[in-house]
Protein chains: 2
Amino acid sequence: MTKIPNGKIAEPPTMSDVARRAGVSAMTVSRALKEGSHVSKATRERIAQAINELGYVLDQSAGSLSSRRTGFVAAIIPSINNSNFSDTARGITDALEGTGLQLLLGYTNYSVDREEELIEAMLKRRPEGIILTGGSHTPRGRRMLEQAGIPVIETWDRPAQPIDKVVGFSNGEAMELLVETLAGKGYQRFGYIGGTTARDTRGSQRRAGFVRALERLGLPSDRLISFGVPPISMEQGAQAVVNMLERWPDTQVALCVSDLSAFGALMECQRRGLKVPDDIAIAGFGDYEIAACCHPRMTTVNVDCYGIGRQAALKLTQTIQAVSAETLEPITLTSFRVVEREST
Amino acid sequence: MTKIPNGKIAEPPTMSDVARRAGVSAMTVSRALKEGSHVSKATRERIAQAINELGYVLDQSAGSLSSRRTGFVAAIIPSINNSNFSDTARGITDALEGTGLQLLLGYTNYSVDREEELIEAMLKRRPEGIILTGGSHTPRGRRMLEQAGIPVIETWDRPAQPIDKVVGFSNGEAMELLVETLAGKGYQRFGYIGGTTARDTRGSQRRAGFVRALERLGLPSDRLISFGVPPISMEQGAQAVVNMLERWPDTQVALCVSDLSAFGALMECQRRGLKVPDDIAIAGFGDYEIAACCHPRMTTVNVDCYGIGRQAALKLTQTIQAVSAETLEPITLTSFRVVEREST
DNA sequence: CGGATAGATGTTATCGCTATCATCCAAAAG
DNA sequence: CTTTTGGATGATAGCGATAACATCTATCCG
């Protein structure tokens, strides 16, 4: 705390304090602090000096009340400790660079109730737009978003009933592609490791895609191991693969809801002396760094996490600036591709 | 956007709109929205209904201008895609639960310049406190923090000249402990893998601790492999261990600046048919999930990441509430311990 | 039954900034 | 030399909420 001689805590200086010291009006200080406004060089310098001497920092919350622009966008992701989503957050930050908008990040721990709380907390601060992960929200959360009067971007998914705009891909189709690719290599007895809770919609969709693809191929699709709620730990993958091999010892390939559980499964197999992919093949989802680095390197589905973030932020800023909002593509599909490596 | 019949975009409702509809004054609405204030049940219900009908959401930025409480604290971490730091963020969030304070998270990508930008951006929004990672900042960043008049908590480190309060540990001592533990098991020829850039102060301190411990033990301390700037990838760890084995083929144990590079090194050794720990032992730092799950399981230094966050947030709220700030411990040391596993 | 008491509500005055309009002045144009 | 023009600056009025104080009722008590 900055104290002044008499021992009381000094109030932080305001714009008027700066103005007085520089011998100008508050309005001129406000202008000097904003790019592209007409303030003479001499005045600007005097103001800069006053700011420096006083240690003044603009109070943006007061400013945004007046200008009706808060200068930030909200993004809500399930977990920050998941590089897929943090890549998306990076994409958003990067795309926001230079727009004068700042990112306010929140994470839900995969809980829709927590998401609802966050949506409300964010909207109370009047973001200029909001980016969400996935398309399932609580009814109240959805209503708040619809009524907020700001652009809403849902990502990482293709919701059946989008609130506004979407930047994502079909998790089901991505998993189908993986199954087909591996079936094309001759695998027939597929197992799936991953939860099915309502909590992880993307996980459920991947699992549904797994079943769909196998049914279409006329292969058995009943080897499904579920585990608890996300976030899915590596250790859970390890346990699940043990479980799977006990129930269906002749499983040829185990597909996992994410690279993290796939990695857990892979390590557990090695501990048990099973050769991957000879004794059992393993594939993941997400193309995390670990998939490219582990031994054997992991087959997985690459998803354009960073691009999702970039494009979501781009669509957001475009929507904000749009004169006629109708011209914008409401749905942007992002790419995914199977990355075949040594584990299959 | 919500549109009204005549085609114009409806302004979002304000508290006065709610008040009018409920037949009360704005002040009563404000009270009804705040816990523990006296509003009759009947009025409260009418207000709730009006809020519901209008889809009103409180404008907190206006409220905080008036009440001079913004209701959030800022935290700045190097990377969100690093479970050590995101655990700290979780600890902060959890400890803030129920205090009415919300976390505003920013990440620097290990750049002090970016940190300075973030500090300024955060302070413009008038947080009630700020939590930083590490103790090195730009001079301007430091000055802004000192003058902000809010509690500042530096974490993950023991700065020589703290700005205000500290919750952390000595990265150097932690690494020394690891060296001593392994020396106690008979290892003599130690190598170190990790950068030394000014950019990653914690990494540099770990390296300094490595050298210090070996010198004290009378063992050679010159086997140091550096690589680029953080964030350190697993792949860099893989390259570094190859480099190390070329230069000093008889290295017995490689200590890495983080579990992530240690993991990369471990996998690379396996690819080259080297047995860990028989041909070469490897240890990491941070006790990431991967260290407990990989094969062989990794020896590492466990740091109380989550606790750092919890205690930092705790100290922050205590400082905010403190009548006499002097009674609070300025420095809280958090624990670390060596976790011996199969890789050494 | 009058005064004390406390709960319920309203009124007024900001909070720190910026939008808007007004003013002033010097340089350019005619 | 007058008129036009636009850059530089100032004065004023909010933005949407809440703090602080003022009122006005019931209810309670001796």
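Because only heavy atoms are used, hydrogens play no part in the values below, and waters and symmetry mates are left out as well, while side chains stay in. Sequence lines set the chain letters: A, B, ... in the order given, protein chains first and strands last, and positions in each chain run from 1.
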key: Which residue lies more 5' along DNA chain C, comparing A/S61 with A/M27 via nearest heavy atoms   =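 Residue closer to the 5' terminus by nearest nucleotide: A/S61.
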
Nearest-nucleotide comparison on DNA chain C, the residue closer to the 5′ end among A/S30 and B/R44 =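 Nearest nucleotide further toward 5': that of B/R44.
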
task = Please determine, by modelled atom types, if B/T43 and B/S40 share a side-chain donor-acceptor pair under 3.5 angstrom.
result =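 Yes, because at least one side-chain N or O of B/T43 sits under 3.5 Å from a partner of the opposite role on B/S40.
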
ask   = Using a distance-only test with no angle check, is there a side-chain donor-acceptor pair under 3.5 angstrom linking A/S61 and A/D59?
value =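 There is such a pair (donor and acceptor under 3.5 Å, judged by atom type) between the side chains of A/S61 and A/D59.
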
Distance below 4.0 Å between [X] side-chain N/O and [N] OP1 or OP2:
| X | N | value |
| --- | --- | --- |
| B/S67 | D/dT18 | no |
| A/K34 | C/dA19 | yes |
| B/S16 | D/dG16 | no |
| A/T28 | D/dT9 | no |
| B/S25 | C/dG10 | yes |
| B/Y56 | D/dA17 | yes |
| A/R126 | D/dC15 | no |
| A/T43 | D/dT9 | yes |

key: Option from B/D113, B/L118, B/I119 for which side-chain contact (heavy atoms from CB on, under 4.5 Å) with B/E115 holds   =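 Answer to the side-chain contact (heavy atoms from CB on, under 4.5 Å) test with B/E115 among B/D113, B/L118, B/I119: B/I119.
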
